[in-house]
**Q** 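First the structure, then my questions, so here it is.
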Number of protein chains: 2
Amino acid sequence: MIPDWLCYNRSETFRGEQAQHKSMARRHNTDGRPTIAQIARIAGVSVPTVSKVLNGRADVSLPTREKVERIIQEYGFVRNRAARALRKGKTGLIDLLLPRLDDEYYLPILEGVAQVLREAGLRLVLTATDYKPEEEVRWITTVTDHSTDGILVVLPSEQAIEQLERSGLPFVLIHNQGGLQATAPSVRITSWEGGFVATTYLIRLGHRRIAYIGKTAPARDAIERIAGYRAALDAAGLPLLPELECDGDFTEASGYQATLRLLELPEPPTAIFAGNDRQAAGVYRALHERGLAIPEQMSVVGFDNLPYTEIMNPPLTTVHAPRLELGRTAASMLLRLINGEQLEMPRVVLPTHLVERQSCCPPRAG
Amino acid sequence: MIPDWLCYNRSETFRGEQAQHKSMARRHNTDGRPTIAQIARIAGVSVPTVSKVLNGRADVSLPTREKVERIIQEYGFVRNRAARALRKGKTGLIDLLLPRLDDEYYLPILEGVAQVLREAGLRLVLTATDYKPEEEVRWITTVTDHSTDGILVVLPSEQAIEQLERSGLPFVLIHNQGGLQATAPSVRITSWEGGFVATTYLIRLGHRRIAYIGKTAPARDAIERIAGYRAALDAAGLPLLPELECDGDFTEASGYQATLRLLELPEPPTAIFAGNDRQAAGVYRALHERGLAIPEQMSVVGFDNLPYTEIMNPPLTTVHAPRLELGRTAASMLLRLINGEQLEMPRVVLPTHLVERQSCCPPRAG
DNA sequence: TTTCATCTAGAAAACGATTTCGATTTCTTT
DNA sequence: AAAGAAATCGAAATCGTTTTCTAGATGAAA
């Protein structure tokens with residue numbers, strides 16, 4: 001009688017174990033990791049049975065299940081993801097495209113995405129595009145194969161969005177620059193409101209001459225921030241003074257330069273709303289160099305709430321951009337899309353809020 | 001006569017295109033993405049020929065190659081990574097395990113790894129372990145399946161290293177805490193030397209009472225830093241004063257606390273070597289609060305050279321930890337390991353160096 | 001004891017690519 | 001023109017898993 005551990009795939013067994021040399025038989029599986037077939041043979045069951053045990057199917061008797069589980073434990077078996085992905089059409093991988101990795105701004109976004117994916121048992125494939133749209137398109141091409149189940153893109157270019165829509169893969173955009181009519185799922189922050197609130201805060205403190213830095217930054221968020229600034233001045237009945245709207249590309253250096261120019265004005269401002277925290281750091285440096293006290297001689301407000309704003313001297317009052325939530329929300333939305341669910345709110349906007357610290361006070365009388 | 005586009009895999013063609021319903025025929029490939037078989041059929045060639053074109057094999061005639069390439073272009077075909085990975089036994093994925101993502105210290109490491117992998121055409125799977133060894137072990141288990149070709153681990157735990165060695169997968173450790181006798185491939189920085197150089201620099205400036213903060217941080221790098229500090233004092237014939245070696249767990253708060261205690265000493269130090277930049281930020285805060293001028297009344301040196309040290313007031317003199325190179329080097333080593341090469345230098349140590357800025361000067365006479 | 005429903009387990013067919021190897025065809029060479 | 005070499009192409013096997021579908025075994029009900 002033939003023992004049942006010989007019954008499965010006998011021809012394969014013979015060729016695999018007897019007719020061929022050992023070295024040939026395991027050409028691929030060189031690291032000696034067992035496959036389902038080997039586990040099955042050892043346990044004296046069929047391959048599907050092992051698969052059923054692995055996937056917690058019901059149609060396996062308790063003794064069989066326990067035997068298989070013991071052997072899986074003993075041999076430290078883990079299943080081959082590629083084979084599983086091929087068969088199931090899912091890879092368990094999510095792509096995240098970031099403009100760059102050496103910018104701490106994106107770090108909480110990354111962290112938020114990672115948190116949600118970890119909870120869902122998915123893994124995160126990270127790609128930096130270096131702000132180059134061609135790079136982005138190139139990556140989306142390689143990403144659009146079956147290698148991931150979904151894509152998150154931070155600051156996507158128009159072409160990237162087009163390509164994503166064509167690909168048919170689930171995706172969610174973070175900080176979408178695109179036009180307001182766009183329908184692609186996306187998560188943004190209320191930059192306009194942040195600019196409005198920051199400026200209004202300075203106005204309430206009594207400031208009348210408030211400068212803004214960052215007019216030349218092209219990102220949509222930057223445009224909204226200055227729009228919020230202007231709207232706040234307007235709402236308070238204050239004039240919009242062109243000489244108080246400074247160029248700035250959201251770098252520390254441009255904040256420094258702009259501040260020096262502001263200080264040379266016949267009538268300098270009493271407060272500066274830096275478009276982001278990096279520019280605020282430049283503002284600080286210029287003010288320190290000129291020996292001006294913050295906030296007594298100049299109030300400063302930033303935007304983003306980067307970690308180091310807390311340890312600036314004095315700690316910077318700034319608009320908090322909820323970047324962790326940005327990442328978490330986008331990832332959650334993507335998960336729902338992958339699940340085939342409809343998003344009741346495909347375009348989410350997360351609120352910003354002012355974090356009051358010690359870089360602002362009322363202007364000096366006179 | 002039978003047209004040649006019908007000749008390949010006829011039975012499959014019939015079942016796939018005629019006998020079955022459309023919905024059933026493409027149960028998996030729901031997004032309408034073409035497969036090699038479909039491209040082959042359209043081009044009137046066999047599946048292997050398309051594969052050869054895709055892989056740039058030589059045994060394809062120019063007209064055939066061009067025809068296939070045109071059709072691949074036209075239909076926007078991209079090959080299924082899972083299938084390729086299964087067959088080739090390589091996934092094109094590298095795992096990077098980081099303690100956490102919300103710590104900007106690791107950012108340049110991540111960037112360095114990403115750079116090298118991008119150049120190599122590999123993709124980066126990112127995982128944060130949150131400093132929990134169990135998490136780490138859990139992840140290494142799921143990672144040790146065939147889903148990645150290699151693993152990079154930052155600050156690995158002992159158990160993680162053991163598990164990696166058992167797995168047989170190529171791996172490289174970054175900031176390995178382990179014993180000096182360990183043979184696993186790893187990349188570290190010269191923390192001891194950094195501590196030595198920083199302290200010596202202060203001694204050369206004329207300081208005699210130099211404090212160190214960060215005695216309680218358990219990481220190997222922290223231990224080496226204080227050892228370098230002590231060695232420098234020793235080499236200069238200066239006494240090791242226990243009251244000048246402060247507790248500190250490398251957080252901003254502990255730098256602040258330690259500084260306050262140091263200032264209450266009957267004879268406070270004239271210089272502080274903060275174990276890292278975060279603690280240096282706490283030192284600054286305490287000194288600013290007490291109205292002490294940096295560097296005139298207190299010299300400060302940090303360690304790590306985080307981005308914000310440049311914009312501190314005054315800019316912080318600190319020891320540069322080459323974190324980008326840490327990432328690049330580790331990734332390059334891993335690539336070589338994956339290629340089956342032997343590493344002539346499995347344990348690499350990258351040099352640190354002092355970055356002189358404006359937080360140090362000679363102590364006041366008397 | 002017979003009949004029918006319920007469990008279990010396995011054979012075989014996918015999933016989509018790559019690789020090997022043999023069969024043609026085409027090109028040289030004598 | 002015949003023989004050998006080189007170029008080109010495709011049939012079939014394979015990677016390791018999941019899924020479907022069917023065949024026995026077992027149990028319960030009549």
Side-chain angles (χ1 to χ4, degrees), chain A residues 4-12 15-16 20 24-30 33-41 43-65 67-68 77-91 145-147, chain B residues 4 7-12 15-16 20 24-30 33-41 43-65 67-68 77-91 145-147:
Chain A
D4 56 354
W5 55 268
L6 251 180
C7 283
Y8 179 68
N9 262 357
R10 194 175 323 163
S11 64
E12 190 216 19
R15 271 193 293 103
Q20 299 194 341
M24 290 191 62
R26 29 159 75 194
R27 204 174 339 157
H28 280 92
N29 206 351
T30 47
R33 209 185 310 280
T35 68
I36 270 197
Q38 290 169 33
I39 295 294
R41 202 157 44 226
V45 298
S46 71
V47 166
T49 301
V50 177
S51 177
K52 286 171 185 170
V53 170
L54 285 169
N55 294 299
R57 293 297 179 95
D59 59 345
V60 179
S61 69
L62 193 60
T64 309
R65 157 165 285 126
K67 180 171 57 179
V68 172
F77 168 81
V78 272
R79 54 186 161 210
N80 181 322
R81 279 200 185 230
R84 187 184 163 88
L86 172 59
R87 178 63 231 226
K88 301 201 69 160
K90 300 250 169 196
T91 60
D145 51 18
H146 283 196
S147 67
Chain B
D4 56 354
C7 284
Y8 179 68
N9 262 356
R10 195 171 327 162
S11 66
E12 189 218 18
R15 269 194 292 105
Q20 299 194 341
M24 291 190 62
R26 28 162 76 195
R27 203 173 342 155
H28 279 92
N29 205 353
T30 46
R33 210 184 310 281
T35 69
I36 261 197
Q38 290 168 33
I39 295 294
R41 202 158 43 230
V45 298
S46 72
V47 166
T49 300
V50 177
S51 177
K52 285 170 187 171
V53 170
L54 285 169
N55 293 298
R57 292 297 177 95
D59 60 344
V60 180
S61 70
L62 192 61
T64 308
R65 156 163 287 126
K67 180 172 56 182
V68 172
F77 167 81
V78 271
R79 55 188 162 209
N80 181 322
R81 282 202 183 229
R84 188 184 164 89
L86 172 59
R87 179 63 233 230
K88 301 201 70 158
K90 301 251 168 193
T91 59
D145 52 17
H146 281 197
S147 66

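Numbered from 1 within each chain, the chains take letters A, B, ... in sequence-line order. Side-chain atoms are counted along with the backbone in the values below, which use heavy atoms only and exclude waters and symmetry mates.
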**Q** Looking at every strand, decide which applies to S51(A) at a 4.0 Å heavy-atom threshold: base, sugar-phosphate, or nothing.
**A** base
**Q** Check the distance between dT14(D)'s P and L86(A)'s CG and give it to me in whole angstrom.
**A** 17 Å
**Q** Which of the following nucleotides, dG10(C), dC9(D), dG16(C), is nearest to the side chain of V45(A)?
**A** dG10(C)
**Q** Write down the distance between CD1 (I39(B)) and C1' (dA17(C)), rounded to a whole number of angstrom.
**A** 13 Å
**Q** I'd like to check K67(A) versus V53(A) (side-chain heavy atoms, cut-off strictly below 4.5 Å). Are they in contact?
**A** no
**Q** Rounded to the nearest Å, what distance is computed from the CZ atom of residue R65(B) to the P atom of nucleotide dA7(D)?
**A** 14 Å
**Q** Are the side chains of L54(A) and I36(A) in touch, meaning some heavy atoms are under 4.5 Å apart?
**A** yes
**Q** Taking any heavy-atom pair under 4.0 Å as a contact, classify V60(B): base, sugar-phosphate, or nothing.
**A** sugar-phosphate
**Q** Rounded to whole Å, how long is the line connecting atom CZ of R81(B) with atom C1' of dA17(C)?
**A** 13 Å
**Q** Less than 4.5 Å apart, side chain to side chain, heavy atoms only: is that true for N55(A) and R79(A)?
**A** yes
**Q** Has T49(A) got a side-chain N or O lying under 4.0 Å from the OP1 or OP2 atom of dG10(C)?
**A** yes
**Q** Expressed in angstrom and rounded to an integer, what is the separation of K88(A) atom NZ from dT20(D) atom P?
**A** 11 Å
**Q** State whether T64(A) places a side-chain N or O below 4.0 Å from either non-bridging phosphate oxygen (OP1 or OP2) of dA9(C).
**A** yes
**Q** Round to a whole Å and report the spacing from CZ of R41(B) to P of dG10(D).
**A** 14 Å
**Q** Assess whether one donor atom and one acceptor atom, taken from the side chain of R87(B) and the base of dT18(C), lie less than 3.5 Å apart.
**A** yes
**Q** Determine yes or no for a side-chain-to-main-chain donor-acceptor pair under 3.5 angstrom, with R57(A) supplying the side chain and S51(A) the backbone.
**A** no
**Q** If each of I36(A) and D59(A) is mapped to the nucleotide of DNA chain D with the nearest heavy atom, which maps nearer the 5' terminus, i.e. the 5' end?
**A** I36(A)
**Q** Of K52(B) and R84(B), whose nearest nucleotide on DNA chain C comes first from the 5' end?
**A** R84(B)
**Q** Just wondering, do N80(B) and L86(A) contact through their side chains at under 4.5 Å, heavy atoms?
**A** yes
**Q** Between L54(A) (CG) and dT17(D) (P), how many Å, whole number?
**A** 8 Å
**Q** In terms of side-chain heavy atoms of V47(B), which of dG16(C), dT18(C), dT17(D) is nearest?
**A** dT18(C)
**Q** Tell me whether the side-chain N/O atoms of R57(B) come closer than 4.0 Å to OP1 or OP2 in dT18(C).
**A** no
**Q** Counting only side-chain N and O atoms of S46(B), is one of them less than 4.0 Å from OP1 or OP2 of dG10(D)?
**A** yes
**Q** Measure from CG on N55(B) to P on dT20(C) and round the result to the nearest Å.
**A** 12 Å
